Amino acid sequence: MAAVSVLQAPSGGFSFDNCARNSLLEAELGGKGQRLPAARKTGTTIAGVVFKDGVVLGADTRATEGMIVADKNCSKIHFISPNIYCCGAGTAADTDMTTQLISSNLELHSLSTGRLPRVATANRMLKQMLFRYQGYIGAALVLGGVDITGPHLYSIHPHGSTDKLPYVTMGSGSLAAMAVFEDKYKQDMEEAPEEMSVSGGVCVCLSAPTIWFSCVLTLLQEEEAKQLVRDAIAAGIYNDLGSGSNIDICVISKNKLDFLRPYDVANRKGNRYGRYKCEKGTTAVLTENVALLEIEVLDETVQTMDTS
Amino acid sequence: METGTARAPPPFWAGGPAPGQTYIPGWPGPAPAATVLPFTRTLSPMVTGTSVLGVKFDGGAIVAADMMGSYGSLARFRGISRLLKVNDTTMLGASGDYADFQYLSQVIDQMVIDEELLGDGHSYSPKAIHSWLTRVMYNRRSKINPLWNTVVIGGFYNGESFLGYVDMLGVAYEAPTLATGYGAYLAQPLMREVLEKKGSLTQEEARDLIERCMRILYYRDSRSFNRYEVAIATEKGVEVEGPLTLEANWDIAHLVSGFE
């Protein structure tokens with residue numbers, strides 16, 4: 001079954017065209033004393049976890065430009081396909097454009113194969129592109145989704161290396177988030193799910209050891225997984241200066257997709273307690289002088305805004 | 001064998017007194033600038049220790065550090081103690097250059113002995129040690145010759161627990177939880193979360209928290225080790241427990257195969 005690829009196969013190797021252009025621009029602007037615009041980085045905490053039926057992806061919502069918060073509520077969980085989503089850390093433009101490109105190519109590929117796209121395919125496409133650009137595309141991604149073979153989670157580094165793991169974190173807050181995962185991930189595997197504990201406390205105690213001794217790995221239940229990812233992103237938000245604002249969560253499983261934005265508004269803007277407006281009359285008016293401006297109306301036109 | 005020309009015998013020694021000559025040692029000597037080596041300063045640490053963790057609890061403080069001295073990426077010394085019991089109210093743990101820590105330990109131990117000799121009933125409080133160390137570290141850095149350490153000082157004095165941080169630049173502060181090195185990124189978020197949920201901890205809770213954090217450091221810090229010591233300061237005094245070993249959980253290994 002030769003599937004003729006509708007995609008343009010890229011010519012091999014690294015294209016250095018833009019490097020020459022960039023150095024020219026830098027020299028030109030540097031001479032006049034201007035600086036090239038700083039890359040808007042996401043300075044992020046992103047994380048993903050595999051649970052029993054699927055994956056949970058989480059991200060914070062702060063985008064930084066140097067030391068300033070450029071966007072207080074940006075969306076870092078990007079759509080790849082209806083069953084695959086990708087969190088992006090690093091240079092915001094790079095993560096946006098890369099995920100859009102692969103999403104587009106994957107849709108074409110899926111139409112060509114007539115099948116639901118697989119996470120491994122998205123992984124391959126992303127890593128092959130990032131490797132081709134030798135790390136110059138600053139996109140660090142957490143790719144997760146559910147396909148016919150089950151739930152999968154990958155982390156992809158800017159140079160093109162990938163890791164397939166049960167839990168991953170990326171971004172400047174990745175260490176804080178990973179600390180939460182390392183502390184709680186295995187622990188949750190042994191806990192009985194909350195629904196069962198209501199029916200019989202004794203049953204839960206007895207069943208726990210049997211779950212442990214039988215070699216079936218009881219994976220995280222969905223609510224535990226969501227709470228775990230929320231805690232990991234919160235650790236990044238509160239302990240890393242590059243991450244902040246709210247927590248977005250995306251739960252992907254075989255039958256449903258929950259894109260919860262925001263899942264948790266971790267930082268609310270404070271409310272002002274007083275009115276700071278000075279009423280008219282606060283400053284005494286001593287004299288008032290009204291002068292009419294003589295204007296001759298020559299032409300009147302109406303231009304409609306393109307609000308589409 | 002030729003008997004004609006007599007060759008002078010080779011000199012018995014070089015650079016020293018000649019027989020029959022007046023000998024003045026070191027005169028005229030080469031120019032001082034050439035012989036005296038330039039005064040070098042600590043450029044980079046050699047044998048280093050990784051993170052030190054500190055937690056305050058109700059009735060005391062805990063300071064913990066693993067027992068490893070790394071020589072770059074080599075796990076050179078796996079049984080060294082990075083904690084120092086100063087006296088019955090104070091303890092400290094240091095990360096960074098181990099030689100500088102040993103020098104510091106020597107100085108502090110001598111100070112404690114001198115104080116005991118005074119016999120005036122006073123002993124150094126943790127705050128006093130922290131204050132003194134801040135000045136020492138700051139003055140060394142101001143001479144561009146730092147003691148390449150980040151020190152966590154813990155103690156219990158006059159019914160109050162103390163936990164302070166001093167680093168090689170002289171940056172000093174006190175906080176309910178402290179961590180140096182990688183601990184600041186990996187352990188501090190966990191410690192802060194626990195302390196924020198419960199305003200104060202009991203000794204067992206603090207001990208448990210430290211163990212969890214040391215385990216995570218062992219998982220994720222490549223210069224750490226699974227053997228560690230814990231120093232606990234309470235009203236009863238300072239107790240250094242160790243060596244304790246951490247058990248790692250590798251159950252997720254079954255879920256990992258390949259990289260894609």
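Since the model is a prediction, treat every value here as computed from it, not as a measurement. Residue numbers begin at 1 in each chain, while the letters A, B, ... track the order of the sequences.
- The environment of CG in A:L241 is sparse: at most 12 heavy-atom neighbours from other residues, nucleotides or ligands sit within 6.0 Å.
- More than 12 heavy-atom neighbours from other residues, nucleotides or ligands sit within 6.0 angstrom of CD on B:E241.
- Contacts of B:L186 with chain A are made by both backbone and side-chain atoms, with heavy-atom separations under 4.5 Å.
- Partner B:E260 forms a salt bridge (charged side-chain N to carboxylate O under 4.0 Å, His left out) with one of A:K164, A:R118, A:K127 and no other, that one being A:K127.
- B:Y103 OH: 12 or fewer foreign heavy atoms inside a 6.0 Å radius.
- Taking CG from B:D251 and OH from A:Y185, the interatomic distance works out to 11.0 Å, rounded to the nearest 0.5 Å.
- Expressed to the nearest 0.5 Å, how far CZ of B:R220 lies from CG of A:L175 amounts to 8.5 Å.
- For B:E193, the part lying near chain A is the side chain, with the backbone staying farther off; criterion is any non-hydrogen pair under 4.5 Å.
- Residue with the most contacts toward chain B among A:A177, A:S155, A:G236, A:A176: A:A176 (heavy-atom pairs, distance under 4.5 Å).
- Going from atom NZ of A:K184 over to atom CZ of B:R212 covers 6.0 Å, rounded to the nearest 0.5 Å.
- Considering every non-hydrogen atom in both B:I252 and A:Y167, the closest pair reads CD1-OH, 3.6 Å.
- Heavy-atom distances place no part of A:A120 under 4.5 Å from chain B, backbone and side chain included.
- Around CG of B:L74, the count of heavy atoms belonging to other residues, nucleotides or ligands within 6.0 Å exceeds 12.
- Counting non-hydrogen atoms of neighbouring residues, nucleotides and ligands closer than 6.0 angstrom, the CZ atom of A:R124 reaches no more than 12 such neighbours.
- The number of heavy-atom neighbours closer than 6.0 Å to OH of B:Y165, taken from other residues, nucleotides and ligands shown, is above 12.
- Surrounding CD of B:E160 are at most 12 heavy atoms belonging to other residues, nucleotides or ligands under 6.0 Å away.
- Both the backbone and the side chain of B:Y185 have a heavy atom closer than 4.5 Å to some heavy atom of chain A.
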